[in-house]
Amino acid sequence: MDVFHVTDLNGNKLTDESVISYIEQSLETTDPDRSHEFDGLTALELTGTDRVGLLSEVFAVLADLQCNVVDAKVWTHNGRIASLIYVKDCNSGSPIEDSQQIDRIEARLRNVLKGDNDIRSAKTSVSMAVTHTERRVHQMMFADRDYDRKPILQHKVDLPVVTVQNWVERGYSVVNVQCKDRTKLLFDVVCTLTDMQYVVFHATINTTGDKAYQEFYIRHSDGTPISSEPERQRVIQCLQAAVERRAYEGVRLELCTVDRQALLADVTRTFRENGLNVTRAEISTTRDVALNVFYVTDAIGNLADPKTIEAVRQKIGLGKLKVKELPLVYQEKAEREEQAVGVGGTVLLSLGSIVRRNLYNLGLIKSYS
C-alpha cells in the first residue's frame, strides 16, 4: 500500500475535481497510452559535450533541414548534454520517415555535437518510438556516464547528500537522499533506482521547509542487497546526478509566441550572440503557440548580467520573453514593468512583497500572495 500526501505547485490543497480524477485514472492504469502526445512525430536523441552556443547550432541545423521542433527536453550536467527532440517535416507536417533524410539529419547533428575534439562520445539516433520523455533523458545521461564526469561550466551549490548502508538482518540496502525540495524530485530518484535494476520495498518521503528527506529500502531484482563498496559508491554518484540534472540553475526565461519556422534557431542564436549559455530547456507547442522555457547563465556558469538579459529581451520582444528568476535589483524593475501604472504615473511597491516574490521564485517559500 502506497500513501501520498500531495499539494499543487503553490503548496495548496487540491480542489480541482478534474485534476483529482486524472490522478486517480493515471494511477489505476498499469500501462497508460501516451502515443497520442507525440503521434506523427519523429524523435531525435542527442548526447555530447556541452558548450556555449551548442543548442543554437542544433536548432539551426534542424531549421536548415526543414525540421519543425514540436517538443523537446534539453538537460545539461557535468559538461554533458542530452536532448530528446520531437520534430516533423516543415512542409508536409508529417513525420520524417525517408531513410536518406534521416541519415542526413543524423550526420549533420553528429558533426555539430562532436565539435572539434569530441569525435568518440557524440551520439545521435532517430526513432518513431513513443517513450516517456523525461525518463528517457535520464536514461540517456546515465548511459553517457555523466555521473562520473567533472563539471566544466556549472558551479554547483546545495549538493544533494546521499548515503547508502546495508541492513544486514533484513537483507535491505537503505538509501537516504537529502537535498533541496523541488517538483519531480521523487520521480527523478525512483526512475534512477529502477533503471539501475533496484526494487523499492519501503520508502518514507518528508519535506520540511525547502528541504526534502527521502529514505528507500531497496534490493536488486534478484532479492539481494548492495554487495560491494564500488557498487555503493556508484549508487551514490548516480542518485546525486539524478537530483542535479533537473536542478534550477540560472535565470528562467519563458517564451510565449506564435510558432514559426526557425523560431528556436533565432531565439537561441540571440542567446549565443549575447554570451548566454542554456543549461536546460523545455520546448512545447500547443495549437501553433510556442511555450518554451530556458534556463540561462553566462558563458562560465555564473548568474547572467541583468543588462544582458534586458538586451536579449529587447531583441526577442519584451512581451514574448518573460523573466522569472533574477536578482532582487532586477526583480524590482520586472515588478514595475508588469504592473499597471498607478495614480500620478507611479507604482508603489512593498519591499516585503518583492522579497517574498523573489523567495518564491527561488523555491524557498511556497506562496508570495
Side-chain angles (χ1 to χ4, degrees), residues 34-46 53-76 81-98 101-102 104-106 108-109 112 124 126-134 136-137 250-274 276-296 309-325 337-338:
R34 301 178 56 86
S35 60
H36 66 281
E37 294 185 27
F38 303 114
D39 186 36
L41 301 176
T42 301
L44 309 178
E45 295 185 356
L46 316 175
L54 175 59
L55 199 58
S56 168
E57 296 176 43
V58 167
F59 287 139
V61 165
L62 292 176
D64 185 56
L65 293 172
Q66 301 299 299
C67 297
N68 182 35
V69 178
V70 179
D71 192 279
K73 292 288 188 296
V74 181
W75 292 358
T76 63
I81 185 170
S83 179
L84 183 52
I85 304 174
Y86 289 93
V87 301
K88 61 183 178 182
D89 183 82
C90 282
N91 300 313
S92 67
S94 303
I96 301 169
E97 300 174 303
D98 179 75
Q101 176 69 347
I102 288 175
R104 282 193 293 271
I105 292 171
E106 286 190 302
R108 289 277 300 276
L109 290 176
V112 169
T124 64
V126 179
S127 171
M128 297 299 295
V130 175
T131 184
H132 189 290
T133 304
E134 294 177 341
R136 182 58 189 147
V137 178
V251 177
R252 177 185 171 108
L253 300 177
E254 296 184 358
L255 175 70
C256 181
T257 186
V258 176
D259 192 30
R260 60 173 173 79
Q261 188 172 349
L263 171 66
L264 289 169
D266 294 341
V267 170
T268 51
R269 184 182 68 248
T270 302
F271 292 161
R272 183 193 68 204
E273 290 172 347
N274 286 271
L276 295 180
N277 183 54
V278 178
T279 62
R280 193 156 63 87
E282 299 175 4
I283 310 300
S284 63
T285 308
T286 304
R287 295 187 182 90
D288 297 324
V289 175
L291 303 168
N292 305 329
V293 176
F294 304 93
Y295 291 84
V296 298
I309 298 294
E310 183 67 14
V312 169
R313 292 187 66 217
Q314 291 283 354
K315 178 76 173 180
I316 296 173
L318 295 177
K320 299 177 181 179
L321 191 64
K322 300 291 186 179
V323 183
K324 293 300 178 181
E325 294 176 17
E337 184 179 277
E338 293 175 1

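All residue numbers in this chain count up from 1 along the given sequence. Only this structure's heavy atoms are used, side chains among them; waters, hydrogens and symmetry mates stay out.
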With a 4.5 Å heavy-atom cut-off, do Val74 and Val278 have their side chains touching? no
With a 4.5 Å heavy-atom cut-off, do Asp259 and Asn68 have their side chains touching? yes
Heavy atoms only: give me the nearest Leu84-Ala43 pair and the separation to one decimal. CD1-CB, 4.1 Å
Could you tell me the separation between the CG atom of Leu276 and the OG1 atom of Thr268, rounded to the nearest 0.5 Å? 11.5 Å
To the nearest 0.5 Å, tell me how far Phe294 CZ sits from Arg252 CZ. 11.5 Å
Is any side-chain heavy atom of Ile85 closer than 4.5 Å to one of Val58? yes
For Ala281 and Leu55, work out which heavy atoms get closest and say how close. CB-CD2, 4.2 Å
Would you indicate whether the side-chain heavy atoms of Arg260 and Asp266 approach each other to under 4.5 Å? yes
Any side-chain heavy atom of Glu106 sitting closer than 4.5 Å to one from Ile102? yes
Is there side-chain contact between Asn292 and Thr257, with heavy atoms separated by less than 4.5 Å? no
Does some side-chain heavy atom of Asp71 sit less than 4.5 Å from a side-chain heavy atom of Ile283? no
Sequence neighbours excluded, every pair satisfying side-chain hydrogen bond (donor to acceptor under 3.5 Å, both in side chains) that has a member inside residues 82-91: Asp89-Ser92
Looking at Leu263 and Val258, what are the two nearest heavy atoms and their distance? CD2-O, 4.3 Å
Thr279 side chain to Tyr295 backbone, donor-acceptor under 3.5 Å: yes
Quick one: pull up CZ in Arg104 and CG in Leu65 and give me the separation to the nearest 0.5 Å. 7.5 Å
For residues Cys90 and Cys67, report the shortest heavy-atom separation together with the two atoms involved. SG-C, 3.6 Å
Would you give the length of the straight line joining atom CG of Leu62 to atom CD1 of Ile96, rounded to the nearest 0.5 angstrom? 8.0 Å
Distance check, rounded to the nearest 0.5 Å: Leu44 atom CG versus Thr124 atom OG1? 8.5 Å
Rounded to the nearest 0.5 Å, how far apart are CG of Leu41 and OG of Ser127? 12.0 Å
Residue pair Leu321 / Arg313: nearest heavy atoms and the distance that separates them: O-NE, 2.8 Å
Can you check whether Asp64 reaches Arg108 side chain to side chain, under 4.5 Å on heavy atoms? yes
Asp288 CG: over 12 foreign heavy atoms closer than 6.0 Å: no
Applying side-chain contact (heavy atoms from CB on, under 4.5 Å) to Val137 and Glu45, what does each step give before you reach the verdict? CA-CA 9 Å; Val137 178; Glu45 295 185 356; over 6 Å; no
Ser56 to Ala265 - nearest heavy-atom pair and separation: OG-O, 4.4 Å
Can you check side-chain contact (heavy atoms from CB on, under 4.5 Å) on Leu253 and Val323, steps first, answer last? CA-CA 5 Å; Leu253 300 177; Val323 183; 4.0 Å; yes
